[in-house]
Structure formats: C-alpha cells, structure tokens
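Hydrogens, waters and symmetry mates play no part in the numbers below; they use all other heavy atoms, side chains included.
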Amino acid sequence: MKKKKITDSPRSIKQIIVYYVTSISVMLGVVLIVMMIITSLTSTSSVLRDSLQVTARISAQNISSNLHLLADRVDSLAQEDILTDIAADNGQKQQILESYKERIEFVWIAAYSLSGSKVYGDTDAPDSITDWSYYQYLEETANITIGSPEYINNAWQLSIGIPLLDNEGSPFSYLIGSYKYDLLNDVLSNINIGNGGLAYITDESGNIIADKDIVSMENHENIYELYNSRKNKRVFNSMLGFQTDSRSIFLNAKQHYIAYSPIAGTNWTLMIAAPGSDFLQILFISVLVSIIIIVALQIITRKIIVKVAGNISGSLSLATNRLASLSSGDLKQEVPLADNNAEAEILTTALSKTVTSLASYIDDITSYLGLLSSGDYSGKVSDNFNGDFIAIKEALSSITASLNDTMHRINNASLAVNSNSSETSEYARKLYDSSIEQTQALERLNGRIVMITQEIDEIDTNARQVKQSADIAELRVEEGKKQMDDMLSTMESINSDMQEIITISQLIEEIASQTSLLALNASIEAARAGETGKGFAVVAQQIGVLSDQTADALDKTSNIIEKASLSIKQGMKTAEETSGSFQTIKMAASDFTKISENMANITVEQKETIEMVSHEIRTVLDIANANQGLAKETDEIASLSLSQAEELEQIVSAVKLKEI
C-alpha cells in the first residue's frame, strides 16, 4: 500500500496559473456546450411541437372538409322528391340512385328500412346494416352519420348514412352511400413527419380506425393497448377529450413528438407522431463537432499558458523566496536583486527597501503600543516615518487623540448617565404608581358601564313591552271606531225609519179626520132618515168615537215619535262626536306607537354606544396594564443603567489622560 502524505507540497505560481486558467477555460467550454445542447433541444422541441400541432390541426380540417363534402353529396341525393315519396315505385328510386352513382364516385349506394334490411340499391351493397356501428347512431340521432372505415369486398370503404323523411318530417328509411377509403388515406399519406412518422385516426374509445399504413388497419388495434403506460394514458385521455395539443411521449420505448386535434363533425381524433431521433440527429452531430473543436482549443490554450506561466514564475522566484523569509519574521536578510527582466528587478529592489523600512517602523510602533497597552495615553509618536508610512504615524496620533477625547467624553457621559439614571428611576417609579391608579379607575369605570348596560337592557325590555301595549291599544281603538261607525250607520237607518213612521202617522191622522167628517155626515143623513136611520146613526156615532180615539192615539203617538226622533238625533250627534273622539284616540295611539318605536330604537342605539364605550374602555385598560408593565421594566432598566454608569466611572478614572 502507498503511504498517505501528511501534507501536500505547495504548488508554484506556474502550476497555479496553469491550473486556474485551464480550469476556467474548461468550465467555460463545458458551460457553453451544456447551454448549447439545452438551448438547441428546447428550441428544436418547441418548434417541432408547434409545427406538428399546426400540421395536425390543418390535416384534421382537411379531413373534416372532405367528409363534409361527401356528406353534402349524400344529403343532396336525399333531397330528391322521388326518394322521399313513400308511394313512389322502388324501380324509379333505383334509377335515381344509379344516375347519381355514375356522376359521383360511390362504391355502392342503397336504401334500408328502419329495421336495417335493404329495400333497394346496388347489388354490391350489404343486405343488412344492423351489425354496423353507425346503424345505432342513425337510430339515435336521426341525422347524417359517418361510419368508421370497413374492409368490404377486398377494399377499404367509408360509408355515410342519412334518414329519408316523409312529408311530416319522420324518418321512414335510411339512405347509405359508400366511398373509397382513398379520401382519408390521401390526407394521412401526405403528412410529412419523418421516416418513422405515425398518423392515426381514432374513435372515442381509442380504436384506430384509420392508419397511414393501410396494412396495419386490419389489426383493429386500440391505442391504449398498443402504447400502454400511465403517462401515455393521460395524454390519450386528453386527446380523446376533443382537445388540441402537442406532447413528448415514448411509443414502444422510443421518444416521439405527437400532436392531436379533433375532426369537426365526427367523434374522431387525428394523431400524428414524429420520432425524436429523425429530427435531433443533425443537432447531435453539430454538438459533437462543437465539443471536438472546444477540446482542441483547450489543448492549444494550455500549451501557451504553460509557456507564459514559466516565464512569470522564473522572474518572481527571487522575490517569492524573500517574501517567504519575511513572512517568517526575518527582517534583516538582504534581498537578492533580479536582472532577467525590468519588472523583477524593480520588484526585488523595492522589496529590499521595504524590508529595511518595515524593521524601523515596527520598532517604533511596538514601543508606542506598549505605552497604550499600559493605559498611558499621554505619550507621543516618533517622527521616524517616511512616504505613505507617515499615514501610520498620523493614524497613531489620531487614535491617541481620539482615545483621549473619547475617554474624557465617556467620563463626562458616565456622570450625566448616573444623574439621569437616578431621575429616570424616580420618574419610572411615579409612572408605575400612576399606572396602578389609572388601572384601578378604569376598572371602576368599566364596572359602572356594565351596570349602565344592564339598566339599558331593562329599559329596552320595558320599551318593547310598551310598544306591544301601544300596538294592542291601537288595534282596540280601531275596532271601537269600526263598531261606532256601525252604530252610527244603524242610528241613521233608525232615523230614516222614524221619518217614514211620522209620514204614515200623518197619513193616518188625515184618514181619521176624514173618517170623523164622514161619521158626522152619516149622523146627519141618519137623522134625516128618521126611524130607519137609527141603526145607521149608532154605527156613525161609533165610527166618530173610534175616529176621535184614533186622533187621540195619533196625537200621543206623534208626541212619542217626536221625542224619539229628538233622542235619535241627539244619539246620532253623540255617536258622531264619539266617532270623532275615537279618531282622535286612534291618532294619539298611533303617535304613542311611533314614540314607543323611537324609544326602542334610541334604547338600541344607546346600548350599542355603551357597548362601544365599554370596548374602548377595555382597550384603554389593556393599554394601561401594558403601560404599567413598561413602567416597571423602565424602573428596572434605570436601576441597571445607574449601576453600569457607576462601574463605567470607576473604569475611566483608572486611565491616565492628557490634559485638555
């Protein structure tokens, strides 16, 4: 085993220059290479992803446009009157389909019933479409439906179906037209995405329904199963969510840049993928060439640095050796002078003078610092300083003067601090006592505020009860006024009836008067009749008596009715006055209710104001407590300052100073 060195030998300046210059140049080269690689990869990846995304979007739009063109052709055919006429002959409809097939590149075209069986059309058309995926979409949507590519009769085909509607707008059959798959294949084949590029069209479940490589379409693969990984699954979920984006993923352990975009009018998605190696190969080659060039430049630079460092190291070796002995405390040894170049000669000569001067200056400084260390600030610095070293002399003189002035100021300040500390301690004690009294006063005030709050709560409760009583009184007054109005109406009705009674009494009185006159005439006529008229005279006499009685009764009744009428009028007057009184009472009750409400509102405002004042008092109480603590701390700090001032005064008194 090799023995481990205890200490590493110091490196020469030549080695240091070569090491650091070489290290810096290598580091710069590595940093430049890394930055170039990162920048190139980032920019290339960004440009490639943006280009692929644009290509995917344009290609999806082209596919959508072509599909819409095919759908429009089928839709125009479905608008033929004969095809939508249920009563038309199927032979005529067959002729229409054949004429369209000659003009449009249909592989086959046929009409199917709602149950999926063929009604008329090409012989190449399947007899039933119930097993086809787009048949279910036709039933669900009753609209144009584009089916997935199907391999039929040794050829890939793309079918488009549309319902035929009757006069009432209800579907009665389905018209299906099949095109060659070349429509989609042309778009996918024209997408230029490198030698190993991929182009897929998938449905909503991830099934690959169209591929740039037609042979691979026969496998009916699913994109989730073909490229299974967690990251790929998240990307495919985003892709099948009808989003447009570009990503970098791994397909079959190879890094690919992919872009995807939904195809408008369908539930399909176009995905294109470009292998990263196809586009990054040139980048890797350029980076490798750059590395080779930088390494070659590093080798050439190192040779030049070694040569220059050797010249510098030889010129400085004499001064370096003397500086080494100077650092060890050797101030007496002469400095050998170098004559190999002007810079080294000047350096060694200056070093010799510097060593001689330093020895003298150190002796003077050592002597003067000895006085300062003993506490004697009254000494004077020697005048044996030249050149820039005069600044050292001036600095020592300035330090001494500053120390003298500072110590005098400290002495005066210590006396002032001692006096101020005594006063501060006294003031802090008074502040502490005042804070205690303030806190006690605030606590008593806070207790009184609590009592006022409780009394206001009772007033608020009484005000609410008064308001409730006022509301009930107002309600009762309203009911009394209503009853009085009803009674007044009844009195008016009675008065009206009394007037009618008076009228009837006057009529009866007239009848009684006429009856009396008639009885008188009858008595006269009976007297004239003699003996035969006696019986009639008796009757006439009785009628006169009855008439007189009736007149007397009517007279009494008239007096009674007159008195009743006067009483009714007096009652109506009293009722009207009572009704007016009730109205006045109602207004007074309403005013009382408003006053009660205002009283309740004022009580609430007073309660809120008292609560605010209570909160502010508690805040002031907290501040007073804090001030009490600060006063106590101030008293303690003042006592400590007084003790430190006395100690500082003792220290300053031990120093010997110049007289000012």
Side-chain angles (χ1 to χ4, degrees), residues 41-42 44-64 67 131-134 136-137 146-152 156-158 181 184-185 187-281 283-284:
L41 287 174
T42 304
T44 302
S45 176
S46 177
V47 171
L48 182 57
R49 288 176 59 182
D50 292 341
S51 301
L52 286 176
Q53 187 171 349
V54 173
T55 302
R57 187 183 297 111
I58 295 174
S59 300
Q61 292 174 354
N62 292 336
I63 294 173
S64 177
L67 292 175
D131 295 335
W132 292 33
S133 59
Y134 62 83
Q136 181 180 358
Y137 295 135
I146 301 174
S148 301
E150 300 285 347
Y151 192 71
I152 305 173
W156 284 96
Q157 302 177 19
L158 182 66
Y181 171 72
L184 296 181
N185 187 53
V187 177
L188 297 179
S189 300
N190 290 329
I191 299 176
N192 186 12
I193 46 178
N195 296 328
L198 305 173
Y200 298 138
I201 296 178
T202 64
D203 59 14
E204 71 276 10
S205 300
N207 298 317
I208 300 175
I209 60 175
D211 193 342
K212 186 177 182 181
D213 184 8
I214 299 179
V215 178
S216 300
M217 291 177 57
E218 298 179 3
N219 299 329
H220 299 287
E221 295 175 316
N222 185 281
I223 196 168
Y224 287 99
E225 298 175 355
L226 188 62
Y227 307 112
N228 185 19
S229 73
R230 291 184 178 179
K231 181 179 179 181
N232 291 351
K233 184 177 180 181
R234 291 194 296 269
V235 174
F236 295 153
N237 289 338
S238 174
M239 179 180 73
L240 298 182
F242 299 102
Q243 299 182 15
T244 300
D245 199 359
S246 59
R247 300 287 185 90
S248 174
I249 63 175
F250 283 86
L251 304 177
N252 292 333
K254 293 183 179 180
Q255 191 261 346
H256 283 70
Y257 293 97
I258 72 165
Y260 46 85
S261 179
I263 300 174
T266 67
N267 57 356
W268 301 346
T269 300
L270 172 66
M271 186 193 86
I272 59 177
S277 58
D278 290 353
F279 297 90
L280 300 179
Q281 186 175 3
L283 175 62
F284 291 148

Requested in this report: Rounded to the nearest 0.5 Å, what's the gap from CG on Leu226 to CG on Asn219? Could you check?
Outcome: 9.0 Å
Query - Results of side-chain hydrogen bond (donor to acceptor under 3.5 Å, both in side chains) for Glu221 - residues two or more places apart only - result: none
Query raised in the report: When you measure from the side chain of Asn222 to the backbone N and O of Ser205, does any donor-acceptor pair fall under 3.5 Å?
Result: yes
Report summary line: With sequence neighbours left out, the residues meeting salt bridge (Lys or Arg N to Asp or Glu O under 4.0 Å) with Arg247 are Asp245
Requested in this report: Report yes or no: does Asn207 contribute a side-chain atom to a donor-acceptor pair with the main-chain N or O of Ile209 at less than 3.5 Å?
Outcome: no
Requested in this report: Look only at the side chain of Lys212 and the backbone of Ile191, and say whether a donor-acceptor pair between them is shorter than 3.5 Å.
Outcome: yes
Query raised in the report: Do the side chain of Ser64 and the main chain of Ala60 share a donor and acceptor less than 3.5 angstrom apart?
Result: no
Query raised in the report: Can you list every ring pair (Phe, Tyr, Trp, His ring centres under 6.0 Å) pair that touches residues 198-218, not counting sequence neighbours?
Result: none
Query raised in the report: Does atom CD of Glu204 have more than 12 heavy-atom neighbours, drawn from other residues, nucleotides or ligands, at distances under 6.0 Å?
Result: yes
**Report entry** Atom pair OG (Ser148) and CG (Leu158), whose distance is rounded to the nearest 0.5 Å
**Finding:** 8.5 Å
Query raised in the report: Nearest 0.5 Å, what's the CD1-CD1 distance between Ile201 and Ile263?
Result: 4.0 Å
Requested in this report: Sequence neighbours left out, what passes side-chain hydrogen bond (donor to acceptor under 3.5 Å, both in side chains) with Thr266? Give chain and number order.
Outcome: none
Query raised in the report: Looking at side-chain heavy atoms only, is the closest gap between Val187 and Leu270 below 4.5 Å?
Result: no
Query raised in the report: side-chain contact (heavy atoms from CB on, under 4.5 Å) with Ala273: which residues, sequence neighbours excluded?
Result: Leu198, Leu251, His256, Ile258
Query raised in the report: Atom OH of Tyr260 and atom CZ of Phe236: how far apart are they, to the nearest 0.5 Å?
Result: 10.0 Å
**Report entry** All side-chain hydrogen bond (donor to acceptor under 3.5 Å, both in side chains) counterparts of Asp50, not counting sequence neighbours
**Finding:** none
Requested in this report: Output all residues satisfying side-chain contact (heavy atoms from CB on, under 4.5 Å) with Ser51, sequence neighbours left out; order by chain, then residue number.
Outcome: Val47
Report summary line: Contacts of Glu150 meeting side-chain contact (heavy atoms from CB on, under 4.5 Å) (sequence neighbours excluded), chain-then-number -> Ile152
Report task. Establish, from distance only, whether the side-chain atoms of Thr244 and Gln53 form a donor-acceptor pair under 3.5 Å. Result -> no
Requested in this report: Scan residues 251-262 for pairs that pass salt bridge (Lys or Arg N to Asp or Glu O under 4.0 Å), counting only residues two or more places apart or in two chains.
Outcome: none
Query raised in the report: What distance separates Asp211 CG from Trp156 CH2, expressed to the nearest 0.5 Å?
Result: 9.5 Å
Query - From CA spacing to verdict: side chain to side chain contact (heavy atoms under 4.5 Å, CB included), Ile223, Met239 - result: CA-CA 11 Å; Ile223 196 168; Met239 179 180 73; 3.9 Å; yes
Requested in this report: Only counting residues at least two apart or in another chain, list the ones meeting side-chain contact (heavy atoms from CB on, under 4.5 Å) with Leu240.
Outcome: Thr202, Tyr224, Thr269
Report task. Could you list the residues that satisfy side-chain hydrogen bond (donor to acceptor under 3.5 Å, both in side chains) with Gln243, not counting sequence neighbours? Result -> Ser238
Query raised in the report: What are the two closest non-hydrogen atoms of Tyr257 and Arg49, and how far apart are they?
Result: CD2-CG, 3.8 Å
Query raised in the report: For Phe242, what residues pass the ring pair (Phe, Tyr, Trp, His ring centres under 6.0 Å) criterion, not counting sequence neighbours?
Result: none
Query - Sub-4.5 Å side-chain heavy-atom contact between Pro149 and Met217 - result: yes
Query raised in the report: Can you check whether Gly206's main-chain N or O pairs, donor with acceptor, with Asp203's side chain at less than 3.5 Å?
Result: yes
Query - Distance in Å, Tyr137 OH paired with Ile146 CD1, rounded so as to fall on 0.5 Å steps - result: 12.5 Å
Report task. Step by step, work out the side chain to side chain contact (heavy atoms under 4.5 Å, CB included) result for Ile58 and Asn62. Result -> CA-CA 6 Å; Ile58 295 174; Asn62 292 336; 3.8 Å; yes
